[in-house]
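Throughout, protein chains are lettered first and strands after them, A, B, ... in sequence-line order, and every chain is numbered starting at 1.
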Amino acid sequence: MGNSSLQIIAENVSVIASPKTWIEGGAIQQLQTTAKLPGMHRVVGMPDLHPGRGYPVGAAFFSVGRFYPALIGGDIGCGMRLLKTDLSIAKLSLDKLVKRLGNIDAPLIEQNDFWRERVRSYQLQESGFEPSLGTIGGGNHFAELQQITEVFDQQIFSAHGLDRKQVMLLVHSGSRGFGGQILRQHIEQYGHHGLAEDDAAATSYWQQHQQALHFALCNRSLIAERICANLATHAEPILDIHHNFLSEVSIDGARGFLHRKGATPADEGLIVIPGSRGDYSFVVQARLGNQGELASHSLFSLAHGAGRKWMRSECEPRLKQRYTVAQLSRTALDSRVVCHDKGLIFEEAPEAYKPIDSVIESLQDAGLIHVVAKLKPLISYKTSGGCCL
DNA sequence: ATGTGC
């Protein structure tokens, strides 16, 4: 690549980030630790890299002979679904839309027969987590209505059925408690040592992982259906991409396992990289070309968002003097925030995240993406419940 | 992240 956005940390450790992109030292430390795991061939941090529970978030890990469920984390199948709604941008009233959206936190299967039937129509295997289907969850998960403000490549834009006159819907959620249970049960039995590929337990994890990926995708689809029903509209899915998952691939002639944790695949078509609730999102196309070096150095992966800059626990102390909760319910881009949970509205403040420009520029400088369109938030929905608000 | 932990 030979550019300033590729940082070589060690022989098999690299980070894709421009010099001006903030990367916390602790995250690099975690990246180097994972690089030393048995069988690990290469690890790469994306520009949204930040520290996680033991292992970093915003990274991809390639191992041979064994794989590590803990590197995927508990939210197996977490991802982004982008849809084009039938709502017209013209004459939009955000306050009316917020009212019509209402509360979408309760289990869908507890709503009525219509929704029970909609959930059943997905024919998911029984998991015990059926009440979570159609619900967004907490943390960084959200559903957001967006407006396309700029188009950089009209041809790709139109070819994917995008239209700047229509409101977009972005859903970020995953497998809820289901993936968490799969990881917890795995760790209880096998610890953090990973699994040899020919171990029977590897097959078992693999099957459960596939089930969680499907659960997560169906969950995003149900969330979108539910939002559309409340807004009396219909939406056409443009893309749905996981960023927490395991896959079997060949890289530099070695067949092995690619772990993605907060890393969007660069080989599954058009993707969306969202900024914080107070920042833009970008629809981009990966540019892997046919040179193996670019693809293998990035492990066929891209950033999955802006990446946290502040730990959750330091957000409220740092911001409560500066903003009231009412102020946090609007953003600098004049979007509305639905988050009736005081802790969460601080934890997810735009200030807690890196500027999305630095993430997009890093990927562009590295030659990894082609930017197609820019979207601004209209309404960011987190939760209507929670406490203390 | 979490039908969330003592």
Side-chain angles (χ1 to χ4, degrees), chain A residues 27 30 48-59 68-81 103-111 115-116 119 124-143 171-188 192 208-209 211-213 215-220 222-223 226 242-246 259-264 274 276-277 304-308 310-315 339-349 352-353 380-388:
Chain A
Q30 289 183 331
D48 56 336
L49 184 76
H50 62 275
R53 287 256 153 264
Y55 311 105
V57 181
Y68 297 85
L71 289 182
I72 305 301
D75 196 1
I76 302 164
C78 188
M80 301 286 173
R81 184 181 189 85
N103 183 330
I104 53 170
D105 298 347
L108 211 43
I109 54 164
E110 286 172 17
Q111 298 306 291
W115 284 115
R116 265 187 292 280
V119 172
L124 290 166
Q125 274 183 258
E126 204 178 323
S127 65
F129 290 88
E130 286 73 21
S132 295
L133 287 164
T135 68
I136 294 169
N140 59 356
H141 290 172
F142 63 81
V171 178
H172 176 206
S173 189
S175 55
R176 311 288 277 97
F178 184 34
Q181 176 183 264
I182 293 168
L183 179 64
R184 184 168 33 78
Q185 289 175 349
H186 171 86
I187 296 296
E188 276 167 12
H192 287 254
Q208 295 181 90
H209 165 274
Q211 208 186 325
L213 290 193
F215 182 101
L217 187 138
C218 294
N219 184 37
R220 288 189 288 274
L222 282 162
I223 291 165
R226 180 182 207 169
H242 303 293
H243 49 232
N244 292 352
F245 70 106
L246 184 65
H259 311 65
R260 288 190 178 95
K261 178 57 191 285
T264 300
S276 73
R277 71 183 183 217
H304 80 309
R308 289 201 79 82
W310 295 350
M311 285 195 311
R312 291 189 176 278
S313 57
E314 59 184 331
C315 299
C339 184
H340 298 266
D341 179 320
K342 194 183 173 193
L344 194 57
I345 205 169
F346 280 102
E347 289 176 17
E348 292 291 311
Y353 284 85
S380 299
Y381 185 97
K382 300 289 285 185
T383 177
S384 297
C387 69
C388 327

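Residues satisfying the ring pair (Phe, Tyr, Trp, His ring centres under 6.0 Å) criterion with His172(A), sequence neighbours excluded, are His141(A), Phe142(A), His243(A). Annotation: ring pair (Phe, Tyr, Trp, His ring centres under 6.0 Å) contacts of His209(A) (sequence neighbours excluded): Tyr205(A), Trp206(A). Under the rule for a ring pair (Phe, Tyr, Trp, His ring centres under 6.0 Å), the partners of Phe215(A) that lie at least two apart in sequence or sit in another chain are Phe178(A). With sequence neighbours left out, the salt bridge (Lys or Arg N to Asp or Glu O under 4.0 Å) criterion links Glu110(A) to no other residue. Take Phe346(A) and apply the ring pair (Phe, Tyr, Trp, His ring centres under 6.0 Å) test, not counting sequence neighbours, and it matches no residue.
Gly74(A) comes within 4.0 angstrom of nothing in the nucleic acid, heavy atoms only. Residue contacts shown for Gly180(A) are absent, as no nucleic acid heavy atom lies under 4.0 Å away.
With respect to Glu348(A) and Arg308(A), a salt bridge is recorded, a charged nitrogen being found less than 4.0 Å from a carboxylate O.
What separates CZ of Phe215(A) from C1' of dT2(B) is a distance of 13 Å, to the nearest Å. One atom, CG of Leu344(A), and another, P of dT2(B), lie 10 Å apart when rounded to the nearest Å.
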Review item, nucleotides 3-6 of chain B N/O atoms under 3.5 Å of protein N/O:
{"from": "dG3(B)", "atom 1": "OP1", "to": "Gly177(A)", "atom 2": "N", "distance (Å)": "3.1"}
{"from": "dG3(B)", "atom 1": "OP2", "to": "Arg176(A)", "atom 2": "NH1", "distance (Å)": "2.9"}
{"from": "dG3(B)", "atom 1": "OP2", "to": "Gly177(A)", "atom 2": "N", "distance (Å)": "3.0"}
{"from": "dG3(B)", "atom 1": "O6", "to": "Gly128(A)", "atom 2": "O", "distance (Å)": "3.1"}

